Amino acid sequence: MGDSKDNLLWISWHDSAWIPILNPTNVMDYFQSTTNPFYDRTCNNEIVKMQRLNMEHLSNLTGLEYMLLHVQEPILYVIRKQHRHSVSAVTPLADFYIIAGVVYQAPDLGSVINSRISTTVNHLQGAFDEARTYSRYHPSKGYWWEFKETESKDLEDENKKSQKKSSKDKAKEESSSAFQRHRVNILLADLAKKFPIKNTPFPASNTHLPEQRTSVEDNSKVEVKVEVKTEPQGHKPPPEKKPRLG
């Protein structure tokens, strides 16, 4: 990868006036705009355009040309830059993709591998630098690892997180604010004035409920049967005992 100023992988281009009307029929005209840095004006497309010929005549010429390779309406268009040697022999040079009207150059395989390797090396270098801070050495003991500082920091971070969570939970537990409770009291007082509570008298202790009255009347209607025992008339009473005279 070269300098970011000269490398087309670091830039993009778009024309906001064309974006709402882009379609497969005018996307090549959009790409061939004079302000597009990805378009080479020495290509065969300009020759065909100057002669007002159909784009099918590109296959009869040799040299640099651009063609619409892939369309996925309404957001994606892929344009290929290639060198034509004959009617059937071409060499692809670069691909450009248009996403939502913004033109980018597709990276080549070497650029992708170079980017992945540089990212991996950067992460590895950071890991080695961090591991070096934990290493200790003494002539009598040799090398060892010391992670006490990081453990204490982790504990402090966990304590801070737990305190924040507890404060948030307490805030969530509050059902209403003082302002809300005050407003509710005012509304309740207004409702009590509009709809006063009627005082209903309590029933006296002597009065009976309808159910109790019916039960008492039923009990009064029950006849009380009294049995009178009579002695049989066929037996005479025993004679009276007279005192003996001496």
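It should be emphasised that the depicted structure is a prediction, and the values quoted were computed from it without experimental measurement. Because only heavy atoms are used, hydrogens play no part in the values below, and waters and symmetry mates are left out as well, while side chains stay in.
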With rounding to the nearest 0.5 Å, note down the distance linking [atom1] in [X] to [atom2] in [Y].
| X | Y | atom1 | atom2 | value |
| --- | --- | --- | --- | --- |
| Ile47 | Leu53 | CD1 | CG | 10.5 Å |
| Leu109 | Asn114 | CG | CG | 11.0 Å |
| Arg84 | Leu61 | CZ | CG | 9.0 Å |
| Tyr143 | His138 | OH | NE2 | 13.0 Å |
| Phe31 | Asp15 | CZ | CG | 13.5 Å |
| Met55 | Met28 | CE | CE | 6.5 Å |

Co-membership, hydrophobic cluster, residues [X] and [Y], 4.5 Å side-chain:
| X | Y | result |
| --- | --- | --- |
| Tyr104 | Ile75 | yes |
| Leu68 | Ile99 | no |
| Val121 | Phe128 | no |
| Leu76 | Val102 | yes |
| Leu69 | Ile98 | no |

Quick check: closest heavy atoms across [X] and [Y], and the distance to 0.1 Å?
| X | Y | answer |
| --- | --- | --- |
| Thr91 | His85 | OG1-NE2, 2.9 Å |
| Pro20 | Ala17 | CD-O, 3.8 Å |
| Glu73 | Pro24 | OE1-CD, 3.3 Å |
| His14 | Gly101 | CB-O, 3.4 Å |
| Ile11 | Pro37 | CD1-CG, 4.0 Å |

Would you say [X] and [Y] make side-chain contact, with heavy atoms under 4.5 Å?
| X | Y | result |
| --- | --- | --- |
| Asn26 | Leu22 | yes |
| Met67 | Val90 | no |
| Val103 | Ile79 | no |
| Trp18 | Val27 | no |
| Asp95 | Tyr97 | no |
| Asp40 | Tyr66 | yes |
| Tyr39 | Ser33 | no |
| Phe96 | Gln105 | yes |

Side-chain donor or acceptor of His123 paired with backbone N/O of Thr120 under 3.5 Å
no

Return yes if some donor-acceptor pair links the side-chain N/O of Ser115 with the main-chain N/O of Ser111 below 3.5 Å, else return no.
no

Could you tell me if the ring centre of Trp13 sits under 6.0 Å from that of Tyr30?
yes

Salt bridge flag under 4.0 Å for residues Asp129 and Arg132
yes

For Arg41, does the CZ atom sit with more than 12 other heavy atoms under 6.0 Å from it, leaving out its own atoms?
yes

Step by step, work out the side chain to side chain contact (heavy atoms under 4.5 Å, CB included) result for Asn44 and His57.
CA-CA 10 Å; Asn44 294 335; His57 290 82; over 6 Å; no

